[in-house]
Protein chains: 2
Amino acid sequence: MGATLKEIALKVGVNVSTVSRVLNNRGYISKDLRDRVDRAITELDYHPNEIARSLFRKKSNVIGLVIPTVAHPFFGELCESIEKCAYQKNYRVLICNSQHERDKENSYLKLLRANQVDGIILGSHTLDVSAFITDRPPLVTIDRRVDSETPFVSSDNYSGGRLATELLISKGCKKLALIMGNRSLPMLANLRADAFEDITTAYNIPHVTMQTHIMGFDPIDYDEITNRLLREHPDVDGIFTTSDLIASHVMRICQNAGKRIPEDIKIIGYDGVFFGELISPQLTTIRQPIPEMGALAFELLFRLIDKLPVSQENTLPVSLIERGST
Amino acid sequence: MGATLKEIALKVGVNVSTVSRVLNNRGYISKDLRDRVDRAITELDYHPNEIARSLFRKKSNVIGLVIPTVAHPFFGELCESIEKCAYQKNYRVLICNSQHERDKENSYLKLLRANQVDGIILGSHTLDVSAFITDRPPLVTIDRRVDSETPFVSSDNYSGGRLATELLISKGCKKLALIMGNRSLPMLANLRADAFEDITTAYNIPHVTMQTHIMGFDPIDYDEITNRLLREHPDVDGIFTTSDLIASHVMRICQNAGKRIPEDIKIIGYDGVFFGELISPQLTTIRQPIPEMGALAFELLFRLIDKLPVSQENTLPVSLIERGST
DNA sequence: TTGAAAGCGCTAACAC
DNA sequence: GTGTTAGCGCTTTCAA
């Protein structure tokens, strides 16, 4: 346990409030006193107790980041970006992995409020709005609109879905498949699927949509789905997946099944995470501007905390990155 | 701002200490009182202020995790594991990316102490021990021995290096290269390089070692190094890299240079992170038991906080995962 | 069984 | 310029 203000005051022979004043540079302080206090501070190795400060100020300078799992590259990169911005503005970030579990997400939300975080960035969406804690700290969501107030950050999911689908079509694919996470989650990412269906329908292209039945990122699940797809729809020659992680699994299964990529089957992912260019063939994908999304999410939260006006809808553009898999 | 104990007490018509007692189940409380308090709590939507509790208890139930970057798959998976364990034991984790910057690492260390974290897990090692903050909270390091006291978790780096090197030799490689991060950092991972050099020397195999000159995970750097290696040592037919991330870059560069893997050149990585089996050919690697390492690190810290005895050296076994790249 | 009082470490009126 | 006092929201002696 470190020294306290009181001990400094005692040593210097002044009142605690005086020491507090020199620490915070409030009002006039005599040069002599300041020196003596400074000396005592170094001698006693004093460091202000931020918990006590937080209690008084009613401000913790901590924000909570709730995501499914930081081990998923999209969220890892997002977390990285958010932490970077938070650090610059003197905020700490508490990392909360929901693992796609309702209970954990819910209890983390409560816990964050109890811990007096100044704000929350929510990127995990297993709860419906009614379950949301009342009297909550400032909130910004990622990829979900929860109500007409709460600001959210997303990228242009519909355009992304359209770009991906159109690319496959323009490359000559005759039958398309979409492999996605569970659609029942209220996420804007579902717009990618909407676009896929709209576009294929408009172009009159046969298509099939498959989604995981569990909530989470279990590779086994993707592998099974892909195998079933190849079995039931052997004529599919273009696959759009809603993440690069899924895409890489799908790619591997296809290769194992003896399909050549992109000759026999073309695959396009989504996200633009780092390892997309490491796999072989390199993955064509729709890039979400992850660092910008993280920065924007923090910026919005920061403004919310400071009671500055923010826009509710914050949709960033996506871009097509063509690589070897198409 | 939520209701406070005082408001509950006021509403129920008792003293705050009484309400506190029912909250914490201390001593005897009449059934009637308990009911009235419970009702007031729900009506006012009361939630204890954990900051105030922390101040009193001198315990925040928060730990700090300092790593280079959570966007690196090894640290992402480690962070995931640590958060999981922490959550079970009612601890929160503050995520601190040092970005391999001395200043940031140092200031995070100070900041964590000021924020009264109960403990720190340190996996970033740009500081030398002398720069360590004094009077620090309980500390557990990952992959580094800082002094004769502080417990650390690592996996068996020397064995890992040996396994990797011997595999390449047993596969018939005639000239080996090691591509590693910067060796000047005081990390136990350097033992992998020691093993590489010992074994190649023992077997009388020509070898060359290359390390990045910057601190960090800049892909450009790895690519340059690999290109230089291929240019200056075109006869190298086996490469050991100290991470899967590096390995995947190296693999790509080699493929771009027209080398077939594993026929012309064999590559083995390190870590056993998820995407190793997604790239093609799938990456042979030395697996570190990342979830177990994270769990152990937290367990040690937990014991340290509770002043229970802990062992200082905690080295977990590694295992060879043979896949397509060798 | 409940209340009063003190105190965790700090800051901010308000005096002097 | 510096001290006194009160209080942030909570818990815990100690009395009653």
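Residue numbers start from 1 in every chain, and the chains themselves are labelled A, B, ... in the order their sequence lines are given, proteins ahead of strands. No hydrogens, no waters, no symmetry mates; every other heavy atom, side chains included, goes into these values.
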Colleague: Are any of the side-chain nitrogens in B:Asp35 or B:Arg39 under 4.0 Å away from the carboxylate oxygens of its partner?
Modeller: no
Colleague: Provide, to the nearest angstrom, the distance between the NZ atom belonging to A:Lys31 and the P atom belonging to D:dG1.
Modeller: 14 Å
Colleague: Provide, to the nearest angstrom, the distance between the CZ atom belonging to B:Arg34 and the P atom belonging to C:dT1.
Modeller: 12 Å
Colleague: How are the rings of A:Phe302 and A:Tyr91 set relative to one another: parallel (under 30°), tilted (30 to 60°) or perpendicular (over 60°)?
Modeller: perpendicular
Colleague: Walk along nucleotides 10-16 of chain C from 5' to 3' and tag each nucleotide B, S or - by protein heavy-atom contact under 4.0 Å, base first, then sugar-phosphate.
Modeller: SBBB---
Colleague: Who passes salt bridge (Lys or Arg N to Asp or Glu O under 4.0 Å) against B:Arg53, sequence neighbours left out?
Modeller: B:Glu50
Colleague: Give the angle between the helix axes at the two ends of the helix from C:dT1-D:dA16 to C:dC16-D:dG1, taking five base pairs at each end and rounding to 10°.
Modeller: 50°
Colleague: Measure the distance from CG on A:Asn115 to P on D:dC10 and round it to the nearest whole Å.
Modeller: 13 Å
Colleague: Any sub-3.5 Å donor-acceptor pair from B:Gln312's side-chain atoms to B:Asp147's backbone N or O?
Modeller: yes
Colleague: Should the heavy atoms of other residues, nucleotides or ligands under 6.0 Å from NZ of B:Lys59 be counted, would the total exceed 12?
Modeller: yes
Colleague: Donor-acceptor check, side chain of A:Arg113 to backbone of A:Thr134, threshold 3.5 angstrom: yes or no?
Modeller: yes
Colleague: Separation of B:Ile8 atom CD1 from D:dG9 atom C1', in whole Å?
Modeller: 12 Å
Colleague: Measure from NZ or CZ of A:Lys89 to the centre of the six-membered ring of A:Phe298, then state whether that distance is under 6.0 Å and the direction lies within 45° of the axis.
Modeller: no
Colleague: Check the distance between D:dG1's C1' and A:Asp32's CG and give it to me in whole angstrom.
Modeller: 12 Å
Colleague: Answer yes or no: is there a donor N or O on one side and an acceptor on the other, between the side chain of A:Glu101 and the main chain of A:Thr126, under 3.5 Å?
Modeller: no
Colleague: Measure CZ/A:Arg36 against P/D:dG1 and give the value in whole Å, please.
Modeller: 14 Å
Colleague: For the pair made of CG in A:Leu55 and C1' in D:dT11, what is the distance, rounded to whole Å?
Modeller: 13 Å
Colleague: Output the rounded distance in Å from CG (B:Leu33) to C1' (C:dT2).
Modeller: 8 Å
Colleague: Could you tell me whether B:Asp118 and B:Arg92 make a salt bridge, using a distance below 4.0 angstrom between a side-chain N and a carboxylate O?
Modeller: no
Colleague: Is A:Ile51 touching bases, backbone alone, or none of the nucleic acid, heavy atoms closer than 4.0 Å?
Modeller: nothing
Colleague: Could you tell me whether the phosphate oxygens of C:dC8, OP1 or OP2, come under 4.0 Å of any side-chain nitrogen or oxygen in B:Lys59?
Modeller: no
